[in-house]
Amino acid sequence: MLILVVNAGSSSLKYQLINMEDESVLAKGNCDRIGIDGHVSHKTADGRTVDADCNFPTHTEAFEKLVEVLTTGDAAVIKSMDEISAVGHRIVQGAEVFDKPCLVTPEVIDKIDELRELAPVHNHAHALALRACTAVIPKTTPQVVVFDTAFHQTMPPKAYMFALPYEDYEKYHVRKYGFHGTSHRFVSAALAEAMGKDIKDLKIISCHLGNGSSITAVKGGKCIDTSMGFTPLDGILMGTRCGAVDPSAVTFVADKHHFTPDEMSQYMNKKSGFLGVSGISSDNRDITAAAEKGDKRAILASEMLAYEIQRYIGAYTAAMNGVDAVLFTGGIGENSWEVRERVCTDMEYFGIKIDKELNKATRGKLMKISTADSKTEVWIVPTNEELLIARDTLALISK
Ligand code: ADP
């Protein structure tokens, strides 16, 4: 059984074709630069590729190209789209409307589009992609939407409310939603399995560290708090995002620079974080390299990241009244031994002790890196959001 997983943005359409018999990826790629010019890059499991400039005025032409590269030419992996059992779409914002995956209908697409005010960059693009996909793929192929926010819908009001006047929540739906939910759900379940425990009995702090980063407290398999908020800007500092800052600093800086709200948002989303603090790069590898050479602002950015993560570990240990395991995932979490070591230094009070050699030697694979006498286990757990979307899609169409 084949499931096509689609992650559509405003100018890109990333995809993976997954064989659910063994959960292997048959092909993956990206139809990029939609609305600009167009480019397709496609790669099959056995190494055949397509890399070509195209014309993608809209998502529809991009989907047509996706169908073309999957079904025709030297890098085809299927003869017809009828071989695909379903399409699973990643959707960023489901708000309070969607707390689990669901089948795509015209009403569901309209609702996702209506939520665009809460996720201006993403939701409208998702709706465009869903409509384009519906027009291009066979009418008999079911489509499923899986939401980044859904896993966080179990947070209690005391965790998700902001102390703004209550009417802003009622009228404008201003609250914490949380993001990366599919990743946190995938890695926390994978960790419970690796630990040989029932997730219902575990208190896990899941640190997804990438260009965007978030930390989630998972108690008994449910999210009870998370670091990202109303948008993916909140929480710890990221590649180009500032994370949480005093709201008064925001209005003060906007005033000094004579920024409109949109300009201030760009400033906090694109020019801050690692990039803003270091003045060097948004990429963790560049920051680590510059810090090793003694660059003061790169050292500061590295220290800020580790310190902010430590504070969340402290906060979420309190929120859950304990912690059994801390996990690292995402590009930084899976690959940067330096970040993991810094986070796990001087954390004995929380029962955290890692095997430094093992930590240094491990990259991108499932591994316990805490010592045998560490009260809290520490793990690296590679994430795979596409696979979870495919599993959710399969589960829903099998019902
Ligand atoms: P996104 O949030 O866009 O999905 P990723 O999860 O791919 O991002 O994470 C990107 C981050 O991971 C970058 O900061 C990059 O420097 C970091 N990263 C990737 N590979 C390594 C590595 N081998 N060592 C250290 N950091 C890495």
Side-chain angles (χ1 to χ4, degrees), residues 5-16 28-30 32 90-92 119 121-122 125 146 148-149 178-187 190 206-216 226-228 231-243 269-293 295 297-306 308-309 327-344 359-367 369 380-389:
V5 177
V6 173
N7 181 356
S10 53
S11 67
S12 71
L13 204 148
K14 298 196 190 100
Y15 61 91
Q16 284 193 9
K28 62 173 153 183
N30 189 4
D32 205 6
R90 174 197 177 216
I91 307 294
V92 167
V121 185
H122 295 104
V146 180
D148 263 15
T149 47
F179 298 87
H180 288 146
T182 311
S183 175
H184 289 296
R185 182 158 59 98
F186 180 86
V187 289
S206 171
C207 307
H208 178 116
L209 313 175
N211 284 318
S213 299
S214 68
I215 304 183
T216 296
T226 191
S227 63
M228 281 180 170
T231 69
L233 179 59
D234 202 2
I236 63 173
L237 91 166
M238 307 173 216
T240 58
R241 293 175 230 165
C242 58
N269 273 290
K270 302 274 181 214
K271 299 211 166 19
S272 303
F274 270 165
L275 178 65
V277 174
S278 71
I280 293 170
S281 168
S282 63
D283 193 293
N284 173 62
R285 285 165 288 202
D286 299 336
I287 299 298
T288 303
E292 267 169 25
K293 288 194 187 122
D295 185 277
R297 280 167 56 183
I299 294 170
L300 173 63
S302 307
E303 287 179 346
M304 285 171 73
L305 177 70
E308 291 188 5
I309 298 169
L327 75 83
F328 291 97
T329 194
I332 298 175
E334 291 169 34
N335 295 299
S336 172
W337 66 266
E338 296 94 337
V339 170
R340 293 190 304 254
E341 183 176 300
R342 237 174 271 126
V343 170
C344 295
N359 176 47
K360 205 165 176 175
T362 312
R363 252 182 63 180
K365 64 174 184 210
L366 181 71
M367 179 69 74
I369 54 166
I380 300 166
V381 185
T383 193
N384 192 339
E385 291 162 89
E386 289 77 13
L387 180 56
L388 190 53
I389 292 170

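Counting convention: from 1, in listed order, for ligands and their atoms alike.
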Exercise. Let me know which of Ser206, Pro382, Cys207 forms a side-chain contact (heavy atoms from CB on, under 4.5 Å) with Phe328.
Key: Cys207
Quiz item: Could an N or O of ligand 1 be found under 3.5 Å from any N or O of Asn211, whether backbone or side chain?
Solution: yes
Quiz prompt | Donor-acceptor side-chain pairing of Glu334 and Thr329 below 3.5 angstrom | solution = yes
Exercise. Could you tell me which atoms of ligand 1, counted from 1 in the order shown, lie closer than 4.0 angstrom to a heavy atom of Gly212?
Key: 2 (O)
Self-check item: For atom 21 (C) of ligand 1, closest protein heavy-atom neighbour
Solution: Asn335 CB, 3.4 Å
Quiz item: Going through the distances and angles, do Asp283 and Arg285 end up as a salt bridge (Lys or Arg N to Asp or Glu O under 4.0 Å)?
Solution: CA-CA 5 Å; Asp283 193 293; Arg285 285 165 288 202; 3.1 Å; yes
Quiz item: Going by atom types only, do His180 and Thr383 share a side-chain donor-acceptor pair under 3.5 Å?
Solution: no
Quiz item: Under 4.0 Å from atom 26 (N) of ligand 1, is there any protein heavy atom?
Solution: yes
Quiz item: What protein heavy atom is closest to atom 18 (N) of ligand 1, reported as residue, atom name and distance in Å?
Solution: Gly331 O, 3.5 Å
Practice problem: Look at ligand 1 and say whether Arg363 reaches it with a heavy atom at a distance under 4.0 Å. | Solution: yes
Quiz item: When only distance counts, is Arg285 in polar contact with ligand 1, meaning an N/O pair under 3.5 Å?
Solution: yes
Practice problem: Quick one: look up the protein heavy atom nearest atom 15 (C) of ligand 1 and list residue, atom name and how far away it is. | Solution: Asp283 OD1, 3.5 Å
Quiz item: With distance as the sole criterion, is a donor-acceptor pair present between the side chains of Ser214 and His208 under 3.5 Å?
Solution: no
Quiz prompt | side-chain contact (heavy atoms from CB on, under 4.5 Å), paired with Arg241, selected from Pro232, Ser213, Ser272 | solution = Pro232
Quiz prompt | Asn284 N/O to ligand 1 N/O under 3.5 Å | solution = yes
Quiz item: Side chains of Arg340 and Asn359: donor-acceptor distance under 3.5 Å anywhere?
Solution: yes
Exercise. For atom 11 (C) of ligand 1, find the nearest protein heavy atom and state the residue, atom name and distance (0.1 Å precision).
Key: Ile332 CG1, 3.7 Å
